[in-house]
**Student:** 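Take this structure, written in structure tokens, and hold onto it; I'll ask about it next.
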Amino acid sequence: MTEHTDITVYGIVTSRALRAHWALAELGLPYRTEPVGSRTGQTLTEAYTRLDPRQKIPVLKDGDFVLTESAVIVTYLGEKYSAPGKQLVPTELQARARYNEWVSFTCMELDATSLYVLRRHEGLPEIYGESPVASKVARDYFSKMIEAAAVRFGSDRKFLLGDEFTGADIIMMTVLPWAKRLEIAVPAVFEAYHDRIAERPAYQAALIANNPSGAAPV
Ligand SMILES: N[C@@H](CCC(=O)N[C@@H](CS)C(=O)NCC(=O)O)C(=O)O
């Protein structure tokens, strides 16, 4: 039986929006999509600004509960809707700490201080300006951090936390293709990890939900 939910995701096309669509696909939950795009002006309307004063995507609405920040959305959905066989967030204390460690590391070190710097200064120079020094530092920093992550990950694990796929994998997996698009090398262990996870039906479904044209997220 399909679970009764009243869930809406605002946001499409970007890697951060993909995270919300993917978590819902993994959990098999029905939801609506409001196809709000970044830099389209759609986040700047009065109605959208009431929903999210930051004027950003993605936003999740679960009933009356409004939540922002893609990694937090993934974790919230995992904590609220996980069930046996589809546990996106571990319940055991130290496993959950490890989950939070990977999520925080990926969002801060790989996304915000590395890839998003490149998105701004290389992808959107007309808005943020070119900054060759910031770009070089961000590229070098990403390489250093992903090498360190490869050491921690090791070579015998299927997913970041071991044998079970979790929300931490959703966050990591949404930065790897982004790095590849920017022609930044990722360690072989993460290449194999990427190719393994890319075959998940929920990932494929989420890519379409995030962008019906089938184009890769930006
Ligand atoms: N830390 C936030 C970042 C959200 C964010 O910066 N979203 C961008 C698109 S990826 C956005 O909505 N920018 C506003 C705009 O482009 O209109 C998250 O992970 O959800």
Side-chain angles (χ1 to χ4, degrees), residues 7-26 31 33-62 65-80 88-89 99-129 131 134-135 138 141-142 145 149 160 166-182 184 203 206-213 215-218:
I7 297 175
T8 305
V9 171
Y10 298 76
I12 54 168
V13 176
T14 74
S15 296
R16 273 82 168 263
L18 175 64
R19 295 169 180 167
H21 294 287
W22 189 1
L24 287 158
E26 289 286 344
Y31 67 100
T33 299
E34 289 291 337
V36 177
S38 71
R39 291 180 318 286
T40 56
Q42 293 164 314
T43 59
L44 307 180
T45 64
E46 251 179 61
Y48 196 85
T49 306
R50 269 197 302 279
L51 188 73
D52 179 8
R54 305 168 322 152
Q55 302 179 319
K56 286 185 168 242
I57 56 167
V59 171
L60 178 84
K61 201 154 171 276
D62 184 10
F65 183 59
V66 175
L67 193 62
T68 65
E69 289 299 322
S70 55
V72 177
I73 290 171
V74 170
T75 301
Y76 165 79
L77 290 169
E79 289 186 323
K80 179 163 178 189
L88 282 190
V89 180
Y99 168 97
N100 285 325
E101 182 186 41
W102 276 114
V103 169
S104 182
F105 168 80
T106 308
C107 286
M108 291 306 302
E109 311 307 326
L110 301 180
D111 180 330
T113 50
S114 302
L115 297 178
Y116 201 51
V117 173
L118 296 171
R119 173 82 187 128
R120 288 188 157 182
H121 296 304
E122 294 185 9
L124 301 167
E126 66 284 7
I127 303 174
Y128 297 104
S131 183
S135 285
Y141 190 70
F142 182 92
M145 289 299 107
L160 293 177
T166 68
D169 297 300
I170 291 180
I171 308 302
M172 176 62 84
M173 184 63 183
T174 49
V175 305
L176 295 177
W178 188 0
K180 284 156 76 130
R181 274 198 309 283
L182 291 165
I184 305 177
Y203 177 65
L207 286 175
I208 301 291
N210 191 50
N211 192 343
S213 83
V218 293

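Counting starts at 1 for both ligands and their atoms, in listed order.
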**Student:** Using the rule salt bridge (charged side-chain N to carboxylate O under 4.0 Å, His left out), only one of Lys56, Arg54, Arg16 pairs with Glu69; which is it?
**Tutor:** Arg54
**Student:** For Thr75 and Tyr99, which I'm curious about, is there any donor-acceptor pair between the side chains at under 3.5 Å?
**Tutor:** yes
**Student:** Taking ring pair (Phe, Tyr, Trp, His ring centres under 6.0 Å) as the definition, give me every residue that meets it alongside Tyr116, ordered by chain and number, with sequence neighbours left out.
**Tutor:** none
**Student:** Anything with a heavy atom under 4.0 Å from ligand 1 counts, so go ahead and list those protein residues by chain and number.
**Tutor:** Thr14, Arg16, Ser38, Arg39, Thr43, Gln55, Lys56, Ile57, Pro58, Glu69, Ser70, Tyr116
**Student:** Tell me the salt bridge (charged side-chain N to carboxylate O under 4.0 Å, His left out) pairs involving residues 166-182, sequence neighbours left out?
**Tutor:** Lys180-Glu191
**Student:** Only pairs at least two apart or in different chains count here, so list each salt bridge (charged side-chain N to carboxylate O under 4.0 Å, His left out) that has a residue in residues 113-128.
**Tutor:** Glu122-Arg139
**Student:** Does any part of the side chain of Tyr31, heavy atoms only, come nearer than 4.5 Å to the side chain of Leu60, both counted from C-beta?
**Tutor:** no
